[in-house]
Structures are given as C-alpha cells and as structure tokens.
Amino acid sequence: MPYVNNDPRVQYLINSIKTTDKGFLVTLEMPNANRAKFEENLEAFRHWFNCFCFGKKYKENNQKMTIFGGMETSFHSEKLHCHLIIIDTGTHRNFFEINRFINKIWHRLINKFISQNNCFVDVQKAANLINSATYALKKTRHLDKDTLIYLT
C-alpha cells in the first residue's frame with residue numbers, strides 16, 4: 001500500500017506539480033550546522049531567490065516560486081542537507097542563470113560559517129516533478145513533521 005501524506009502542505013505540492021512540468025531539484029548542504037541555523041539560511045535563500053526571479057517587489061506583486069523539500073542527515077558523513085523542489089511559477093530566468101545564482105547565494109549565505117570547499121550544491125532540471133518530489137520528501141515518511149521544509 002503506498003504511503004499517503006495528508007499534510008495540507010504536501011497536498012498543495014502535489015496539486016502544484018500537476019499544473020506544471022517546469023521545476024528544479026536542488027540539494028543544499030551546510031556542514032557543521034545546527035538545524036536552526038540551516039533553516040535561517042534557507043529562509044534567506046528563499047527571499048533572495050524570489051528577488052532574483054521576480055524582483056524585489058515579488059511579495060507586493062504576489063509572485064513567488066513554490067519551494068518544498070525535506071531535510072536529512074547524510075548517512076556517510078552526518079552532514080545536514082536538504083533536497084528542495086522549486087516549482088517554476090513563471091520566471092523569465094533560464095536554467096543556467098538559476099543554477100549560477102543558487103550556487104552563488106548559498107555559498108554567500110554560509111561563507112561566514114565554513115569554506116566553500118566543504119559545501120555541496122547541486123541544481124538539476126526536474127525532468128519528472130513527481131519523481132523528484134518523491135525523492136526530496138523521502139524522509140518525511142519516517143521522521144517527524146519537522147523534516148518537511150515548506151518555504152513558500
């Protein structure tokens with residue numbers, strides 16, 4: 001029997017995925033960080049990413065990317081990282097611009113804590129948003145509700 005998550009945030013994600021085929025799977029790592037600092041940086045990332053995609057008045061114009069994901073600890077190294085699904089809601093930015101910006105802003109946000117060499121950032125076009133979302137949210141099935149990241 002497949003797992004069913006009745007969390008309204010997950011249901012919103014599923015409905016968002018059904019309305020588009022454009023999005024990204026992003027992995028962000030922040031070694032040597034506690035969860036609170038990681039979440040603080042994710043919130044700053046969300047803000048600056050939306051500014052990049054839609055301009056500084058994105059809130060006033062009711063434009064923003066839908067961002068979901070799951071946080072987990074690496075099995076091998078115990079580094080805290082997250083997998084995010086970013087659903088493209090109509091930005092004029094192309095993949096190369098988005099990839100470059102995500103790498104730049106994440107390294108800038110965490111640079112005060114660690115060297116860039118110890119930080120993994122991966123941005124991919126999500127060829128299949130349902131499969132990408134399943135991967136990003138895989139740990140939310142087994143861990144507490146705090147594992148789910150909802151940035152939108």
Side-chain angles (χ1 to χ4, degrees), residues 3-31 33 35-74 79-114 116 119-141 143-152:
Y3 172 79
V4 177
N5 189 328
N6 293 320
D7 186 314
R9 299 170 299 180
V10 174
Q11 294 305 314
Y12 177 79
L13 170 64
I14 291 168
N15 291 335
S16 297
I17 289 172
K18 289 178 182 176
T19 63
T20 186
D21 61 350
K22 292 194 263 181
F24 310 95
L25 175 61
V26 177
T27 302
L28 301 173
E29 183 181 75
M30 188 174 170
R35 185 181 174 90
K37 182 50 71 179
F38 198 105
E39 288 177 346
E40 182 181 312
N41 282 331
L42 283 173
E43 185 58 32
F45 166 82
R46 179 203 56 80
H47 169 73
W48 290 113
F49 185 67
N50 279 312
C51 285
F52 174 73
C53 291
F54 299 110
K56 290 183 180 178
K57 293 188 177 188
Y58 72 92
K59 289 180 185 177
E60 292 174 27
N61 296 329
N62 200 25
Q63 292 180 301
K64 60 186 175 183
M65 295 289 213
T66 299
I67 304 173
F68 275 90
M71 191 175 294
E72 61 189 55
T73 303
S74 297
K79 292 180 181 177
L80 194 58
H81 68 279
C82 67
H83 301 288
L84 299 176
I85 296 296
I86 300 177
I87 299 172
D88 186 343
T89 57
T91 182
H92 65 280
R93 303 290 184 171
N94 65 42
F95 173 74
F96 300 104
E97 293 172 311
I98 286 173
N99 185 13
R100 185 173 49 242
F101 182 80
I102 289 173
N103 273 278
K104 177 178 152 186
I105 195 65
W106 188 249
H107 286 110
R108 186 176 292 164
L109 286 168
I110 67 168
N111 191 35
K112 50 193 159 206
F113 303 106
I114 62 168
Q116 291 184 10
C119 175
F120 178 75
V121 176
D122 184 47
V123 181
Q124 300 175 24
K125 286 183 184 178
N128 182 320
L129 283 173
I130 293 290
N131 288 346
S132 296
T134 300
Y135 178 76
L137 299 173
K138 65 186 179 287
K139 293 286 187 175
T140 63
R141 298 177 184 186
L143 301 176
D144 61 29
K145 64 181 181 177
D146 293 332
T147 307
L148 180 66
I149 301 166
Y150 178 70
L151 295 175
T152 294

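- Listed by chain and number, the residues in a salt bridge (Lys or Arg N to Asp or Glu O under 4.0 Å) with Arg100 amount to none (sequence neighbours excluded).
- Scored by the side-chain contact (heavy atoms from CB on, under 4.5 Å) test, Asn61 finds Lys57, Gln63 as partners (sequence neighbours excluded).
- Side-chain contact check for Ile105 versus Phe49: every heavy-atom pair is 4.5 Å or farther apart.
- How far CD1 of Ile67 is from CD of Glu43: 9.0 Å, rounded to the nearest 0.5 Å.
- By the ring-ring contact (aromatic ring centres under 6.0 Å, His included) test, Tyr58 is found to be paired with His47, residues two or more places apart in sequence or in another chain being considered.
- Within the 4.5 Å cutoff, side-chain heavy atoms of Ile85 are placed close to those of Leu25.
- For Gln124, the side chain to side chain donor-acceptor pair (under 3.5 Å) partners two or more places apart in sequence, or in a different chain, are Asp122.
- Trp106 contributes atom CH2, which lies 15.0 Å from atom CH2 of Trp48 (distance to the nearest 0.5 angstrom).
- The CZ atom of Arg108 sits 13.0 Å away from the CG atom of Asn41 when rounded to the nearest 0.5 Å.
- When the side-chain contact (heavy atoms from CB on, under 4.5 Å) test is applied to Thr91, the partners found at least two apart in sequence or on another chain are Cys53, Phe54, Met65, Asp88, Arg93, Ile98.
- Taking a 6.0 Å sphere around CG of Asn62, one finds it holds 12 or fewer heavy atoms contributed by other residues, nucleotides or ligands.
- Within the 4.5 Å cutoff, the side chain of Met71 has heavy atoms near those of the Glu39 side chain.
- With rounding to the nearest 0.5 angstrom, the CD1 atom of Ile110 is 12.0 Å from the NZ atom of Lys37.
- Contacts of Asn99 classified as side-chain contact (heavy atoms from CB on, under 4.5 Å), with partners at least two apart in sequence or in another chain: Phe95, Asn103, Val123.
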